[in-house]
Amino acid sequence: MAKKLGKKARKFARKNLQSAAKRNRKIRNQFNRRRPRRGGSGAREDGDEDVPQRVDDATMATNDDSDALIDGLEFPEDDIEIDADLSDSDGYLSEDPGCPYYSDSEDGKDVKDSIMQDGLDRQNDDMNLDIKKQKKKLKKLLDKDPEFANFLEKWQSELESYRSKEDSDEEDGMDSMDDDDDSNDANSPHTKILTTKTISEWCQLVSKEPKSPALRNLLNAFRDACRYGVHSDSPSMQRFRSTRVFYQIISFVLSESDNIFRALLEISDDANKGQIMNLRNSKKWQPVDPLLKSYLRSSLDLLSQLTDNKILSFVLTRLRASAVVFSTYPSTSVKLLKILFRLWASGDQSLSLSAFLMIREVAALLPDCLDLCLTKAYNTYLASTKLVNDRNTKHIDFLMNCLVELYSLDVQKSCEMAVTSMGQLNAIMRQASKTKEKEDLRKIDNWQYINCVNLWVRFLCCNYKDYNLNPLFSQVLQVIRGVAHLFPGTRYLPLRLKLVQMLNELSTCTQMFFPIPSLLFDCLEFREVSQKEQTQKTKVNFSSLLKVPKNLLKSRDFQEECVLSAIQVLAAHFAQWSYDVSFPEVATIPLILLKRLHEQTTIESLHRPVKRLIDQVNENKEFIERKREVVSFSPNDKASVDSFLQEEKSSGNAPFTRFYASIAENHQPRGRKTL
């Protein structure tokens, strides 16, 4: 028998065990969300600044402060007031009585699922075997005790007489109701059982002639299939006795509906929204309108009910062909967008891509819904980036690329929203710079904040050359510099690396020079690593970190990761200016700092990459100096300066270009894709 823990042991467990600590953090979060501070802020007060921001490594705990959205960072979502274009009716279409229905016997096949039938047969065999065993036991008991046999026969006869009387009363009371129900159910479309032969016949009729009455029956069956399982007591649930029938209806309607409706409206495959809107007032539209509404309503029900990602991807792919049809019903498109944004942030690559393609299609067709799309996409992105780990960095990068593409549909309108967002980030940064309080600093040392800045950096890089985005550029640059100076020291090197990569991107698209080395070298200060710390192996991945835990600062693996990551970022910086006439001046101070780093580091494995970078920078510096000696123009001649070494740049003959290509290839996991 296990011995009960003593008082001191229980007290130690409550304070120090991981499970207890995790439970206490969860409870504190719940109370903090329920009871915000008097100043209106619901942020935590009991957090430890040493808690790292990593969720998938056993040596690193989760930063609970990043679980909540930063106050004021989201865009307000205003509901668009659009008149409802789909009625609240049950969606059933009147069917032609002459449309064929085939029963199970005419179908010639068993309508039950083979798997379900095998299971029922197995259960029946087991029940029959149990009944036989019970009968044998009862027979033995009756043979042993004749009095009990007489008693049992007496009660059995009384029970049978009582049941016969009760059944006769129920039949008398239900005769009139059954007559009414039979007359109603006989004409009701959602009480007739659907078989594979029936659906196959309808599909053939509709394929040959889209105007066939079977189309209404097929859309009613599609409606019931899309709502299958929502109301288990609904009569329409009894129409499906086979999963084959269910998938037959879904696959045919989704695959062929777009071609069918275009044939009914007599429009081509490349018909645009304007042509379809012109048809809404014509006679062709009136008989097709209820069919379209039924199809669109059922499709929304299907998207809301499905849980399998592969089937959802197939449905979205087929619905995207009918996006122009959705655009003729704005309120339906708004409902569709709300579902699509949920699927876009699901994390499944194929499903997210299918959802985004549909979102972009609807946003391009409906300018009135563009504001909703931009706002909803931004807020969904913020909610998806509050926690970053090794498993979701690619998905967050995908969401960011999607958002940039969506915002590029209307750059001027998107720029106004971006300036508003950067104004919020700038205000948070100024408040933290002014107070230097832990609570304000946590709002910046936060994945949502950094990913939001990175989003607008990428938006700038995609559209800076074609549009005037200087107001946004100045705010982004101010925030990056301010955040970099707010968090000095080696512990925040992962954050500095991300900021430096953003500056590299901005420098590439704007052709402006930023003093990037100064932001890195003040973080590369290491002390001597002991023999014990050199043998200690600790996994460090900067792609999912903003702040390094204190227990890793002295490790050899951490120092190696710091230097190698810094070399890669510096190499990208030097590669950008490797053909510039001012490269010798650009490289002078970084070379001094690199040589100092080479002398100070005590890890032998780092000497070679640092020395190699120094040699390559020196070689490129000498290459530019030799080229400058043979030119005759002055530094004031801007046109000549801009054309300096353009032929060599197009051919990639500079020594540093080949070196950077090898660096980028060998260190791809630490590169740009992890941001």
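If you're wondering where the values come from, they're calculated on a predicted model, not measured in any experiment.
No donor-acceptor pair closer than 3.5 Å links the side chain of Gln616 to the backbone N or O of Phe656. Judged purely by atom type and a 3.5 angstrom limit, Ser474 uses its side chain to pair as donor or acceptor with the backbone of Pro471. Looking only at distances, no side-chain donor or acceptor of Asn401 sits under 3.5 Å from a matching main-chain atom of Phe398. Distance alone, capped at 3.5 Å, places no donor-acceptor pair between the Asn620 side chain and the Phe623 backbone.
Residue Glu561 holds its CD atom at 9.5 Å from CG of Leu493, rounded to the nearest 0.5 Å. Remark: Met502 CE to Leu455 CG distance equals 10.0 Å, nearest 0.5 Å. Note that CG of Asn504 and CD of Gln568 are 10.5 Å apart. Values are rounded to the nearest 0.5 Å. How far CD1 of Ile311 is from CG of Leu303: 12.0 Å, rounded to the nearest 0.5 Å. To the nearest 0.5 angstrom, Leu336 atom CG is 9.0 Å from Leu296 atom CG. The distance from the CG atom of Leu503 to the OG atom of Ser507 is 8.5 Å, given to the nearest 0.5 Å.
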Using side-chain contact (heavy atoms from CB on, under 4.5 Å), reason through Phe261 and Ser322 one step at a time and then give a plain yes or no. CA-CA 9 Å; Phe261 289 128; Ser322 305; 5.9 Å; no

Using the rule given for side-chain contact (heavy atoms from CB on, under 4.5 Å), can you reason through Ser582 versus Phe513, listing the C-alpha separation, both sets of side-chain angles and the distance that settles it, and then say yes or no? CA-CA 11 Å; Ser582 61; Phe513 174 79; over 6 Å; no

Does the pair Val617 and Leu613 meet the rule for a side-chain contact (heavy atoms from CB on, under 4.5 Å), with working shown? CA-CA 6 Å; Val617 173; Leu613 178 62; 4.1 Å; yes

Before you tell me yes or no, could you show the steps for Val411 and Leu469 under side-chain contact (heavy atoms from CB on, under 4.5 Å), namely the whole-Å CA-CA distance, both residues' side-chain angles and the distance that decides it to 0.1 Å? CA-CA 9 Å; Val411 176; Leu469 302 179; 4.1 Å; yes

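More than 12 non-hydrogen atoms from other residues, nucleotides or ligands lie less than 6.0 angstrom from CD of Gln511.
You'll find the side chain of Arg458 reaches within 4.5 Å of the side chain of Asp397, heavy atoms only. The side-chain heavy atoms of Pro609 and Leu564, taken from C-beta on, include a pair separated by under 4.5 Å. Residues Val569 and Ser565 fail the side-chain proximity criterion, which asks for heavy atoms closer than 4.5 Å. Met422 places none of its side-chain heavy atoms less than 4.5 Å from the side chain of Cys452. Contact annotation: the side chain of Trp447 never approaches that of Thr385 to less than 4.5 Å [non-hydrogen atoms, C-beta and beyond].
With 3.5 Å as the limit, one finds no donor-acceptor pair spanning the side chains of Asp348 and Ser346. Side chains of Ser421 and Trp456: a donor-acceptor N/O pair is present below 3.5 angstrom, by distance only.
Ring geometry for Phe542 versus Phe558: interplanar angle over 60°, hence perpendicular rather than tilted (30 to 60°). Ring pair Phe487/Tyr492 is tilted by interplanar angle, where 30° to 60° counts as tilted.
With sequence neighbours left out, Ile592 forms a side-chain contact (heavy atoms from CB on, under 4.5 Å) with no residue at all. In this structure, Tyr467 has no ring pair (Phe, Tyr, Trp, His ring centres under 6.0 Å) partners at least two apart in sequence or on a different chain. With sequence neighbours excluded, no residue forms a ring pair (Phe, Tyr, Trp, His ring centres under 6.0 Å) with Phe314. Residues forming a ring pair (Phe, Tyr, Trp, His ring centres under 6.0 Å) with Tyr381 (at least two apart in sequence, or on another chain): none. In this structure, the side chain to side chain donor-acceptor pair (under 3.5 Å) partners of Gln478, at least two apart in sequence or on a different chain, are Asn426. Under the rule for a ring pair (Phe, Tyr, Trp, His ring centres under 6.0 Å), the partners of Tyr464 that lie at least two apart in sequence or sit in another chain are Phe473. When the salt bridge (charged side-chain N to carboxylate O under 4.0 Å, His left out) test is applied to Asp258, the partners found at least two apart in sequence or on another chain are Arg262. Residues satisfying the side-chain contact (heavy atoms from CB on, under 4.5 Å) criterion with Ser408, sequence neighbours excluded, are Val404, Phe459, Asn463. With sequence neighbours excluded, the residues satisfying side-chain contact (heavy atoms from CB on, under 4.5 Å) with Ser327 are Lys273, Val324, Leu365, Leu366. Checked against salt bridge (charged side-chain N to carboxylate O under 4.0 Å, His left out), Glu405 has the following partners two or more places apart in sequence or in another chain: Arg360. In this structure Glu585 satisfies the salt bridge (charged side-chain N to carboxylate O under 4.0 Å, His left out) test together with Arg628, sequence neighbours excluded.
Looking at every heavy atom in both residues, Thr657 comes nearest to Tyr579 through OG1-OH, 2.7 Å. Residues Leu545 and Lys498 share a closest heavy-atom pair of O-NZ, 3.2 Å. Closest of all the heavy-atom pairs between Met400 and Asn451 is CE-O, 4.2 Å. Across Ser578 and Ile624, no two heavy atoms sit closer than the pair O-CD1, 3.3 Å. Nearest heavy-atom pair, Leu382 versus Gln448, reported as atom, atom and distance to 0.1 Å: O-NE2, 3.0 Å. Across all non-hydrogen atoms, the minimal contact from Arg491 to Val548 is NE-O, 2.7 Å.
Residue pairs meeting the salt bridge (Lys or Arg N to Asp or Glu O under 4.0 Å) criterion with at least one partner in residues 309-325, sequence neighbours excluded, do not occur; the list is empty.
Aromatic rings of His573 and Tyr660 (six-membered ring for Trp) have centroids beyond the 6.0 Å cut-off, not under it. Between Phe574 and Phe659, a ring centre-to-centre spacing not shorter than 6.0 Å is recorded.
The existence of a salt bridge linking Lys434 and Asp440 is excluded, since no basic side-chain nitrogen approaches an acidic carboxylate oxygen closer than 4.0 Å.
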